[in-house]
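In what follows, every chain begins at residue 1, and chains take the letters A, B, ... in the order their sequences are listed. Heavy atoms only: backbone and side chains are in, while hydrogens, waters and symmetry mates are out. Keep in mind that this is a model prediction, so the values were computed, not measured.
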Amino acid sequence: MTQKHPLRLFNSLGREVQDFQPIDPRNVRVYSCGPTVYNYAHIGNLRAYVFADTLRRVLTFKGYNVTHVINITDVGHLTSDADEGEDKMEVAASREKKSIWDIAAHYTAVFKDDVRRLNILEPSHWTPATAHIQEMIAFARDLDQGGYLYELEDGAYFDTARVPDYGKLGLLDLEGQEAGARVAGPGDKRNPADFAVWRKSPENSRRQMEWHSPWGVGAPGWHLECSVMSMKYLGERFDIHTGGIDHRQVHHCNEIAQNQGYTRSEKTGANWWMHNEFLIMRDGKMSKSSGKFLTLGSLIDQGIHPAVYRLFLLGASYRSSLEFTWDALVGVRASLRRMLLRVEDLKARAGDTSQWIKLATEDHYSSGGSLSYLVERLTDGLTGKPADYIDKLDAAVSNDLGTPVALAHLNELLFAKKTDPADVLRAAAVYDLVLGLNLLTMSPRDLVIRPAGQTIDEAEIEARLAERTEARKAKDFARSDAIRDELEAMGVGIMDTPQGTLFEWLPLAATDIKPE
RNA sequence: GGCCCGGUGGCAGAGUGGUUAUGCAGGGGACUGCAAAUCCCCGUACAUCGGUUCGAUUCCGGUCCGGGCCUCCA
């Protein structure tokens, strides 16, 4: 286990960076709040999973085995308050004229595609909420028996006054909330913060997704699934719970309250609660419910490879909000391209790498296992500067997942002078394991994606290039340059090499991506 | 209205009580017909006003601006 630099992680519970101490040193248990699958995950949503993946990679780099659970929220939840609200899943189903189950299956599949494209490692368990309804009912009955629930017309509610320190995680000011004008919901809740554990279906309408329960036919409250599934797969006490910053005040406070009720204790479930900040656009955060958002697919349509987006995210601390701009993304693309060109060059000079280079991809053959063996194999015999950079990587990521600093080191490492190319590559492979960038297995050509809006076809480009070659032979440089400029204006970059002239698609040089 | 979090060079974004990352963009040079790629060189920025201090971008307070949550949300 790499313990030269102790792992330190920010804990939202207490709002400070603390030395990480696992409950079971041989197996760290992590639960990540997953997506609601009534629509495409947008690139802001995806930040949460790149963050969780980074955490998992760092833990396994530090030598821990990790059991990682990501849930899939495939139960419909209300878009607004009480029975005035509509169920998002139901809304999506009627919008797309499909069954609600089809909606969930479709968007779950797309989400998992996004996960793969971003090189996010598969969790040990994907846990769909609808596969745990009976567990949720049993859990809620137990809460009921413990006196934590009370019934209102539209369902069973959790009495937040029954648990100690309700809202501690979110630093909630319960008095202020009460005075606030925007607290909505059934007017007869005992406390403003009380929340539904079970929602009855409205009398006069039926949902496509509903189940029998002691509180009537309906659906579980949103917060219930995470308490139930984290406990089922990770136990009453586990190490880390992750999610978006928006969950810190409500969802996770409620989850903690349920955990405390169920265990009849003050225990919060997870020891560490970690939250990623938002990806923001000029007008604020992306919002799935407002319908204004960008998907990973839409970035690809613009000619941006998912690896570029991943690198873009790693360039900022997960605890800082990050502003999304097209210019920033194109800049990151240029940076990644340069790194890949460098790796290609290093490989050409490194001699035979075939015996070990595959090690950099074998992190995929695990469901959360420690990376110690792979790291040892890659670093065995490594000395000097490359070895120093392994230590720098360790120091950076051990400091609350300092990926921006790790990337700074990676750049220095790749372009270090007078250093054995094979050794640089071996060290870079370790960075790959931790950062998931696939630097050693991607080629610069992989970065090139034909934008969906690109209309010029390749035969036409080849014809223009042939024309240009003729012009160059004739020393008609004005003509050859004109052709190059023309192609570039159409989104085709060209470069003359000893092997001839090559071209590549450029990302669409739109002034900005407009939300759909 | 209440609570929380930020404001760093052209852009993104680390970090720090005194030596001030990294990437992109930009400028100069080498190379090249010209580009591309590569190599060399170049940037004292830390919202604002006070305070603490020998010294603050870094600590404290006010102001202004931005973001988040209080309702489903990564």
Identify all pairs in which a protein N or O lies below 3.5 Å from an N or O of nucleotides 30-35 of chain B, and state each distance.
unit_1	atom_1	unit_2	atom_2	d
B/rG33	O6	A/R472	NE	3.1
B/rG33	N1	A/D481	OD1	3.1
B/rG33	N2	A/D481	OD1	3.2
B/rG33	N2	A/D481	OD2	2.7
B/rC34	O2	A/D481	OD1	3.4
B/rC34	O2	A/R484	NH1	2.7
B/rC34	O2	A/R484	NH2	2.5
B/rC34	N3	A/R484	NH1	3.3
B/rC34	N4	A/D496	OD2	3.4
B/rA35	N6	A/D496	O	3.4
B/rA35	N1	A/D496	N	2.9

Check: protein-nucleotides 22-27 of chain B nitrogen or oxygen pairs below 3.5 Å:
unit_1	atom_1	unit_2	atom_2	d
B/rG23	O2'	A/S335	OG	2.9

Taking only nitrogen or oxygen atoms into account, show me every contact under 3.5 Å that the protein makes with nucleotides 64-66 of chain B, one pair per line with its distance.
none

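A 3.5 Å limit on both hydrogen-bonding distances identifies no Watson-Crick or G-U partner for B/rA35. If you check B/rA45 for Watson-Crick or wobble pairing at under 3.5 angstrom, you find it has no partner at all. The partner of B/rC69 is B/rG2, by the rule that a Watson-Crick or G-U pair needs both atom distances under 3.5 Å. Across the strands present, B/rC59 finds its partner in B/rG51; the criterion is a Watson-Crick or G-U wobble pair with both atom distances under 3.5 angstrom. B/rU16 is unpaired under the Watson-Crick or G-U wobble criterion, no partner having all donor-acceptor distances under 3.5 Å.
Residues satisfying the salt bridge (charged side-chain N to carboxylate O under 4.0 Å, His left out) test with A/R57, not counting sequence neighbours, are A/D53, A/D363. Every residue was checked against the ring-ring contact (aromatic ring centres under 6.0 Å, His included) condition with A/Y166, not counting sequence neighbours, and none meets it. Applying the salt bridge (charged side-chain N to carboxylate O under 4.0 Å, His left out) rule to A/D113 yields the partners A/R116; only residues at least two apart in sequence or on another chain are considered. The ring-ring contact (aromatic ring centres under 6.0 Å, His included) check on A/Y49 picks up A/F111, with sequence neighbours excluded. Under the side chain to side chain donor-acceptor pair (under 3.5 Å) criterion, A/N191 pairs with A/D159, A/D194, not counting sequence neighbours. The ring-ring contact (aromatic ring centres under 6.0 Å, His included) test applied to A/Y318 returns A/F51, not counting sequence neighbours. For A/R338, there are no salt bridge (charged side-chain N to carboxylate O under 4.0 Å, His left out) partners, not counting sequence neighbours. Not counting sequence neighbours, the partners of A/W272 by the ring-ring contact (aromatic ring centres under 6.0 Å, His included) test are A/F20. Contacts of A/R468 classified as salt bridge (charged side-chain N to carboxylate O under 4.0 Å, His left out), with partners at least two apart in sequence or in another chain: A/D496.
Residue contacts shown for A/Y49 are limited to sugar-phosphate atoms, with no base heavy atom under 4.0 Å away. No engagement by A/L410 is indicated, since no non-hydrogen atom pair under 4.0 Å with the nucleic acid exists. Within the 4.0 angstrom heavy-atom criterion, base atoms lie near A/G44. Backbone-only contact: A/K417 has heavy atoms under 4.0 Å from sugar-phosphate atoms and none from a base.
Of the candidates B/rG68, B/rA74, B/rA14, the closest approach to any side-chain atom of A/I245 belongs to B/rG68.
Across B/rC46 and B/rG9, the matching C1' atoms stand 8 Å from one another, rounded to whole Å.
Residue whose closest nucleotide on RNA chain B sits further toward the 5' end, between A/H251 and A/G170: A/G170.
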